[in-house]
Amino acid sequence: MLHRWIQGLASLKLRRPRSLASRAALLTTTFVVVTAALCATTLLIGAHRESARHQIAVLSDLTIHAATQWGGLIEEGRRDELDRVVGRVIARATVMQVSLHDAHGGVLTERVDDRRGAALLEGLEQRARESGEIAIARSGEGVAFAAPMMRAGRMIGVGLIVWTPDAYRLNAFVALAPFLLIAAGLVLISIPLTAILVRRAAAPLHALTAQAERIASGAELAPIEIVSHDEFQTLATAFNRMTARLDESLRRIQDIAFIDPITQLPNQDRFAREIDFALLQDGSELGAVAVFELQRIAKLRPTLESNAARDLTRAIATHFAEATRAVDKLVAPAHRGDRRALAARLGADEFGVFAPRLASATDAARFAQHVNAALNRPFEWRGHKLALGASCGVALTPRDGGDAGAVIRRARLALGAAHASPARVRLFTPALDREVNARLNLEREMRGALERNEFRAFFQPKLNLATGRIEACEALARWVRPDRTIIGPARFIPVAEENGLIGPLSEAIMREACWKAAAWARAGQPVKVAVNVSALQFRGERFAEGVLRIIEHAGLSPDQLELEITETVALEDPERAARTIRPLRDAGVRLAIDDFGCGHSSLSVLSKLPFDVIKIDQQFIRALSRGDRQAVAIIEMILALASALGMEVVAEGIERREEMDFMRAHGCHWAQGFLSGAAVSAHEFTELLRRQASEEIAAEDAA
Ligand code: C2E
Ligand code: MG
Ligand code: MG
């Protein structure tokens, strides 16, 4: 049972107080209580002993006094009085036995109430008689006194009294009870007092702990004020210094994380946070997120040395921020308060504006148009006048997305469409989203198609106008779906140009064209093959190398291949274009300028690059058919120019015999168009060549 009880006690888990102040208070209280208990015990034991000693002395005096009285009565022979006096003594509750002895030890009188103290009397009377002094014996049973009865200096006998222990044992507890009660009261008062004092002393520590916990839980960093002129104050000062340094470091980290280091404008993360914050504060408020892209600068940047590029970026950022501020004042509604538009740098040549609290979608569009117009005004930098070529896409909060990510994404979608729009500014619409999704689906399908080899070269014949024979062709890309439907390049070439698939796609077409041309040559029907080159492909570092490798693998004579480049591609960077072309021309590959007359600098391109062939764009042939005299003049001029420069001319889009006759009569070399045939599969084209050959043989035979 006891064993179980001890086990139960041991299993009890005492809850330790957590705070330092509570611990100090508990410790002090325990100390006070234990000290008080020890003091009280010591006091009680001491008091008990002292009172016994004092009482015994009193009893001893009493006995001597009685013995003196008894001695007088014995000598005077007043036996009755003696009996009465002894009777009074024995009648006391604290006296157990009284006896009187003569000088020889004989008993004169004896009165016994209680025999418990009898053992004490052993030899006591004799000791008093022989010494002539009082003899004392004490035990748990009581205390016995033997006092000599003296008369005129002579001992006439011995008087004996045996007292009960109660006679000398004063109840010290009872005597000290009031003091003990006062002491206990003081201890009880001292406990809360100690707690209060300790708590007050530890208050600065409390304040410091609370502050540290607040900071740890992410509250704003703030200094703490403690005036205690002790270690706590030193600790608080050190703590404040520490939080100040932490604050400074946090601010620096935020700057690094949220400010663009070159322009000092907020970066994309900060931009997104501000939009999210505005959406959180008032989700129903109309705001505009505009994303601007500076396309001309993107092209100019790679040609600049890095310090100059940084300087230009900084100048553009200032120009952009100023334009935003000016427009903000113009459009800002009165209720906007201090909520101004936020300008940010989102990418190398991409900037953003978030204009909160707008009145309508029209205001949003107006805002974007004004900033875009300001950006497109000629911009002065280091003495040059630059055109930034800015386009802008706008999306609205909260209409176009519940968070910054969604709204910015949609503004970027609108930006993509803005590049192609005449105003260069587009507001996001759900239709745009659908368009983009359709485009993404198409992109996914195209990747699969490329792997399955569904992009094939079709061949459109080119007629040599001098001989009337098909002696060349143009390879045109077609997407032949598994269900045999054929998709034209207008659907997939622009998408491929955007997503980078144009590289592998064009290479596949070029490879097939070269292999087929080589096969026709081997079969004794050589035809020159022209292949279209995209801007992205032409810009590639190893373009020429790749073309030469394909020719070699195919076993095609290089002079049988013609590369068609548009003037925009050729003029992008004429020096680089010349470098790219050189090894190809050295190898014997011919170079044609496609869609001639469509661009703005058709003549200048001729002086910059060594072309072999000019392809007159079909719009001039169409105009020719309409009887447009200007078109006639232009065609005549192109033909004269080509003849002067020793170049061949191909007329594109010949659909009627009159067109072909006109071109032949004016010295054009080649005709390409539906009149002589649209683009057909390699198999059909082979068939066409075979038919031509057999017709020629038949004609020869007939001749
Ligand atoms: P392009 O190089 O100017 O090709 C001539 C376009 O005119 C072809 O359209 C052809 O089918 C069309 N055409 C030919 N004769 C006539 C005619 O008499 N009347 C009319 N109305 N049109 C005629 P297609 O095949 O749709 O190609 C369009 C453009 O796509 C090409 O223009 C070329 O720029 C591009 N393209 C085609 N294949 C490739 C390719 O493999 N790589 C690259 N990078 N671009 C290609
Ligand atoms: Mg072409
Ligand atoms: Mg063309």
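All ligand and atom numbering here is 1-based and tracks the order in the structure.
Near Ser534, the atoms of ligand 1 lying under 4.0 angstrom from a non-hydrogen atom of the residue are 44 (N). Within ligand 1, the atoms closer than 4.0 Å to a non-hydrogen atom of Gln460 are 10 (C), 14 (C), 15 (N), numbered from 1 in the order shown. Atoms of ligand 1 found under 4.0 Å from any heavy atom of Ile509, numbered from 1 in the order shown, are 41 (O). Contact atoms of ligand 1 toward Glu655: 17 (C), 18 (O), 19 (N), 20 (C), 21 (N) (distance under 4.0 Å to a heavy atom of the residue). Interface atoms of ligand 1 facing Glu564, defined by a heavy-atom separation under 4.0 Å, are 2 (O).
Contacts between Val531 and ligand 1, counted as non-hydrogen atom pairs separated by less than 4.0 Å, are absent for every part of the residue. Proximity of Asp594 to ligand 1, defined as any heavy-atom pair under 4.0 Å, is confined to the side chain (atoms from C-beta onward). When non-hydrogen atoms are compared, ligand 1 lies under 4.0 Å from neither the backbone nor the side chain of Asp617.
The atom of Asp595 nearest to the Mg ion (ligand 3) is OD1, with the search restricted to N, O or S atoms. For Glu564, the N, O or S atom with the smallest separation from the Mg ion (ligand 2) is OE1. Among heteroatoms of the N, O or S kind in Glu652, OE2 lies nearest the Mg ion (ligand 3). The N, O or S atom of Glu474 with the smallest distance to the Mg ion (ligand 2) is OE2. Looking only at its N/O/S atoms, Asp594 has OD2 as the one nearest to the Mg ion (ligand 2).
Checked by atom type, the side-chain pair Glu684/Ser681 shows a donor-acceptor distance below 3.5 Å. For the residue pair Asn437/Arg434, the side-chain donor-acceptor check at 3.5 Å is not satisfied. In the model, Gln619 has no side-chain atom that pairs as donor or acceptor with a side-chain atom of Asp595 under 3.5 Å.
Regarding atom 7 (O) of ligand 1, its nearest protein heavy-atom neighbour is Gln618 NE2, 2.9 Å. Counting protein heavy atoms only, atom 45 (N) of ligand 1 is closest to Asn532 CB, 3.6 Å.
For ligand 1, none of its N or O atoms has an N or O atom of Arg622 under 3.5 Å away. Taking distance alone, with nitrogen or oxygen atoms compared against 3.5 Å, Gln672 stays at or beyond that limit from ligand 1. Checking only distances, Leu476 never comes within under 3.5 Å of ligand 1, N or O to N or O. In terms of polar-atom proximity, Pro489 is not counted as a contact of ligand 1, lacking any N or O under 3.5 Å from an N or O of the ligand.
Both cation-pi conditions hold for Arg481 and Trp479: the charged atom is under 6.0 angstrom from the six-membered ring centre and inside a 45 degree cone around its axis.
Classification of Arg622 and Glu659 as a salt-bridged pair holds, one side-chain N sitting under 4.0 Å from a carboxylate O.
Less than 4.0 angstrom separates atom 9 (O) of ligand 1 from none of the non-hydrogen atoms of the protein. Taking a distance limit of 4.0 Å, we find that atom 25 (O) of ligand 1 is approached by some protein heavy atom.
In this structure, Arg478 has a heavy atom closer than 4.0 Å to ligand 1. Within the 4.0 Å heavy-atom cutoff, Glu474 counts among the residues contacting ligand 1.
Phe538 and Phe543 have their aromatic ring centers within a separation under 6.0 angstrom.
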